[in-house]
Amino acid sequence: MSAPSKTSGAMIFYDIAMRPPIASTCCGPNPWKSRLALNFKNIAYSSIWVPFPNIAQVRCALGVDACRKFGDGTNFYTLPILIDSNTNFKIGDSFDIAVYLQTKYPNSGSGNLFPPQKLDFVFNHDLALLVPLSERKESEHDEYSRFNTYVDAAFSAHVSLMAHYIPFDPVTAEASKAEFIRRAGVKSWDDFEVKGEKREKLKESFRLMLGDLVKLFLRDTSGPFLLGEQASYADLIVGGWLRMMHATLPENEWEEARGWHGGIFGRLHDSLEKYAEVK
Ligand SMILES: N[C@@H](CCC(=O)N[C@@H](CS)C(=O)NCC(=O)O)C(=O)O
């Protein structure tokens with residue numbers, strides 16, 4: 001581990017504004033992966049909170065291309081974005097942000113985000129995703145990149161357990177919900193509520209999926225991370241989704257889920273608390 005890295009002009013990190021107090025409500029899993037990575041690297045940065053309906057406008061004004069597309073092929077403008085004000089380098093994808101931080105600050109903070117490891121987790125599902133995931137070209141961190149894609153698919157397939165409870169900022173809640181309704185082609189926000197037997201079935205599917213993922217965490221039982229005591233970006237990928245679960249699931253369901261599979265995911269969530277400061 002090395003001394004904290006200090007940048008002369010801070011990094012600027014764009015995340016989605018949620019209901020105040022933002023530190024306990026911000027819940028985008030991809031921005032969370034980047035926040036965890038910035039804190040892991042002990043990088044100085046400041047956050048800009050973008051109202052949900054303004055994401056496209058802000059991203060376009062910054063000149064950052066969309067990295068994701070809707071099912072109909074149109075651009076899907078997303079966050080996070082990271083701007084390194086020293087170089088004016090702009091990065092608009094959470095995985096690219098982690099690679100950038102590792103390349104630029106190889107030894108800072110808690111060390112290597114990408115230590116070599118096998119990440120055998122595959123998720124094949126028949127649950128359609130509302131919006132397709134980003135596509136990636138082969139990269140130097142392929143093992144991690146594939147893991148990121150499968151983890152995103154696995155959690156996204158169950159995100160309807162959470163969507164109805166997103167803590168929107170009251171100022172823009174109506175416009176945000178209207179956009180979700182438009183995308184899903186449903187009639188009202190109530191249609192996002194998954195309840196009763198349907199909810200129980202989806203929860204069971206979620207639990208089983210996590211049961212596959214947990215096998216990787218059982219390789220090294222010295223835990224709490226995949227490589228025992230050493231956290232890596234793979235832990236932060238899962239951790240980003242755990243943050244979303246915590247911020248959106250009804251409290252009793254979060255308590256239930258964190259206890260699944262011997263409490264391994266609850267422990268992972270808590271162990272990443274040291275990288276979860278919202279600045
Ligand atoms: N591949 C991108 C995906 C980013 C993404 O999907 N971000 C979501 C939040 S987790 C977003 O900005 N959604 C905006 C919206 O739904 O309008 C990344 O990893 O950064």
Side-chain angles (χ1 to χ4, degrees), residues 11 13-18 22 25-38 47-62 64-72 74-83 90-102 113 129-137 139 141 144-160 162-169 172-186 189 192 233-234 236-248 278:
M11 302 256 189
F13 175 58
Y14 290 75
D15 193 351
I16 306 170
M18 288 288 149
I22 200 80
T25 57
C26 60
C27 60
N30 291 301
W32 258 115
K33 293 173 197 170
S34 299
R35 176 177 297 101
L36 293 169
L38 282 159
S47 304
I48 294 189
W49 299 97
V50 181
F52 185 88
N54 299 359
I55 296 174
Q57 184 199 330
V58 167
R59 188 158 176 131
C60 290
L62 290 171
V64 181
D65 291 340
C67 66
R68 211 171 157 182
K69 289 196 183 294
F70 288 110
D72 66 2
T74 56
N75 285 333
F76 177 23
Y77 294 100
T78 58
L79 295 177
I81 291 173
L82 183 72
I83 300 184
K90 299 173 186 172
I91 316 154
D93 178 273
S94 59
F95 197 84
D96 293 338
I97 289 172
V99 173
Y100 180 78
L101 295 179
Q102 183 51 36
L113 278 168
L129 302 187
L130 186 55
V131 184
L133 300 172
S134 300
E135 288 181 11
R136 293 192 63 82
K137 297 197 189 88
S139 86
H141 299 298
Y144 281 81
S145 167
R146 255 193 316 273
F147 181 71
N148 186 46
T149 302
Y150 280 125
V151 168
D152 282 358
F155 281 84
S156 299
H158 299 94
V159 83
S160 56
M162 303 167 222
H164 190 251
Y165 307 104
I166 294 175
F168 288 118
D169 185 346
T172 52
E174 279 319 304
S176 308
K177 288 178 185 174
E179 174 58 9
F180 270 67
I181 290 166
R182 188 195 66 78
R183 284 182 199 166
V186 294
W189 186 245
F192 279 93
Y233 191 59
L236 309 193
I237 290 168
V238 179
W241 281 102
L242 294 174
R243 293 273 146 192
M244 171 154 195
M245 287 168 66
H246 188 183
T248 57
V278 176

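Everything numeric here is computed off the predicted structure, so don't read it as measured data. First listed ligand is number 1; within each ligand, the first listed atom is number 1.
In plain terms, the two heavy atoms of Phe95 and His141 that are nearest each other are CZ-O, 3.8 Å.
Screening residues 47-57 for salt bridge (Lys or Arg N to Asp or Glu O under 4.0 Å), with sequence neighbours left out, gives no hits.
With sequence neighbours left out, Trp241 forms a side-chain hydrogen bond (donor to acceptor under 3.5 Å, both in side chains) with Asp152. Listed by chain and number, the residues in a side-chain hydrogen bond (donor to acceptor under 3.5 Å, both in side chains) with Tyr100 are Asp84 (sequence neighbours excluded).
Atom OG in Ser94 sits 12.0 Å away from atom CD1 in Ile81 (nearest 0.5 Å).
Protein residues lining ligand 1, listed by chain and number: Ile16, Gly28, Pro29, Asn30, Pro31, Phe52, Ile55, Cys67, Arg68, Phe76, Thr78, Leu79, Pro80, Asp93, Ser94, Ser134, Arg183 [non-hydrogen atoms, distance under 4.0 Å].
Side-chain atoms of Cys67 and Arg59, non-hydrogen and from C-beta on, do get closer than 4.5 Å to each other.
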